[in-house]
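Data block below; observations after.
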Amino acid sequence: MNSKTQAFLKDKFNISDNLLKVAVSCEKDLHEAYASIDSVSEYNQLKILKAMQNEGLSESHFGGTTGYGYNDRGREVLEAIYSEVFECEDSLVRSQIVSGTHAVALCLYGVLRPGDELLSVTGSPYDTLAEVIGLRGRGNGSLKELGVGYRQVELLSDGSIDYEGIKEAVNANTRMVIVQKSRGYSWRNALKVDDIAGIVKCVKSKNQDTVVMVDNCYGEFVEESEPTGVGADLAAGSLIKNPGGGLCRTGGYVAGKEKYVSMAACRLTAPGIGKEGGATLGLTGQFCQGLFLAPRVVAESLKAAVFCARIMSRLGFEVSPKPEEKRGDVVQAVRFESEEQLVAFCQGIQMGAPVDSFVVPQPWEMPGYENKVIMAAGTFVQGSSIEQSCDAPIKHPFTAYVQGGLTLEYARTGIIVAAQNLINKGLLTI
Ligand SMILES: *Cc1c(COP(=O)(O)O)cnc(C)c1O
């Protein structure tokens, strides 16, 4: 942060001298962390560039189809590029996938049949999947209502994987194992791709035929490889998170073994149609460009997360991961002492955003979530969480999950503005 920027923050954003001093000193400590983030993005960028060249991506692919969307060459090329980048046989990259939850649900409903069992090996799955599995809600066609069983193996108390527990739990009836790479809304570290390789090996040693599926939301391009490159049968995620590069305005993806991707596609469209239908309506260029930008945007998000960890821990709050810890996702958790602090921080993130900065977010009952949730998302794309955003379920201990940032510069400002909001409200003194 140069002196001109500092003066601007002080004069135009009303940041106090004390807070500015802390922010500047945090920034100075982070050169090494930033360099290691850049080195991952450099590699991933080349991987994507090469895949685009190998598949012969051309401007003529960006036109798109209408109606049924049969024989959409651009869509086929886009999906081939995804398959190459995710080191797998096949993929489904579609605007008709409405969210990450939908992409994961396609994998579950696509593969599981009545009498089968689904096993989560990373404890409770992400909040929105509870209704899909049938842990919450009734009469909406959950897996449970279709006769699919469910069990979960908890993570160990230090957040690590319980390999022994997994070995005991997998049996002949375990059709599918779900692994959540990201921490989601929980105080545990994200898994690394290496951990996922270990899970695959462990599961397959008990049952060769068990399908290992990874909820890869927030995990893409944080490391130099993806779960499908180390043996996971399926991975799924949202295009308004990491792989959309901040550019995609909707959509999701499923990547993995051809057989299972096809099953997910039959669930998205219909048996007999599978991947063959689905008009692209001119979105293919955006999906390709978004993927192309994704490593850079993920890197900016990671830098913002590291800055957030550094400054918030300097200000006395507990953070996870710690600033210097290796990361497996883009999420930064910050723990507050009261609901007031939590809400003021989230509102401060909104104040620092480029869009709807004048809006004051409030906790509300959000579809798919159990507790009230407060969400700050002053984003160009509604709810996009690869843009800077902050979510917090209103429950003890009061934890905010901050993620995203298209550029480090504005995301860092958002965090500083949020900390200043705590100070202004008398909830923090420095
Ligand atoms: C965001 C997220 C989801 C759900 O994605 P939506 O797009 O919000 O439906 C599922 N799992 C994890 C780990 C996530 O981070």
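Side-chain atoms are counted along with the backbone in the values below, which use heavy atoms only and exclude waters and symmetry mates. Order of appearance sets the numbers: ligands from 1, and atoms from 1 within every ligand.
Within ligand 1, counting atoms from 1 as listed, the ones closer than 4.0 Å to a heavy atom of Lys241 are 1 (C), 2 (C), 3 (C), 4 (C), 5 (O), 14 (C), 15 (O). Set against the non-hydrogen atoms of Thr101, the atoms of ligand 1 under 4.0 Å away are 4 (C), 5 (O), 6 (P), 9 (O). Near Gly100, with a cut-off below 4.0 Å to any heavy atom, the atoms of ligand 1 are 5 (O), 6 (P), 7 (O), 9 (O). Near Gln180, with a cut-off below 4.0 Å to any heavy atom, the atoms of ligand 1 are 13 (C).
The N/O atoms of Tyr218, backbone and side chain alike, include none that comes under 3.5 Å of an N/O atom in ligand 1. Here's the thing with Tyr126: none of its N/O atoms is less than 3.5 angstrom from an N/O atom of ligand 1.
Leu146 pairs by the side-chain contact (heavy atoms from CB on, under 4.5 Å) definition with Tyr109, not counting sequence neighbours.
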Q: Please report the C-alpha distance between Thr122 and Arg188 in whole Å, then the side-chain angles of each, then the deciding distance to 0.1 Å, and finally whether the side-chain contact (heavy atoms from CB on, under 4.5 Å) criterion is met.
A: CA-CA 10 Å; Thr122 43; Arg188 60 118 163 141; 3.9 Å; yes
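Residues Ala353 and Ser357 come closest through the heavy atom pair O-CB, 3.2 Å.
For the pair Lys275 and Tyr253, the cation does not sit on the ring face, since its NZ or CZ is not both under 6.0 Å from the ring centre and inside 45° of the axis.
Proximity of His102 to ligand 1, defined as any heavy-atom pair under 4.0 Å, is not found for any part of the residue.
Side-chain atoms of Lys181 come within 3.5 Å of backbone atoms of Gly328 as a donor-acceptor pair (strictly under, hydrogens ignored).
Of the protein's non-hydrogen atoms, Asp215 OD2, 2.6 Å is the one closest to atom 11 (N) of ligand 1.
Using cut-offs of 30° and 60° for the angle between ring planes, the Tyr70 and Tyr68 rings count as parallel.
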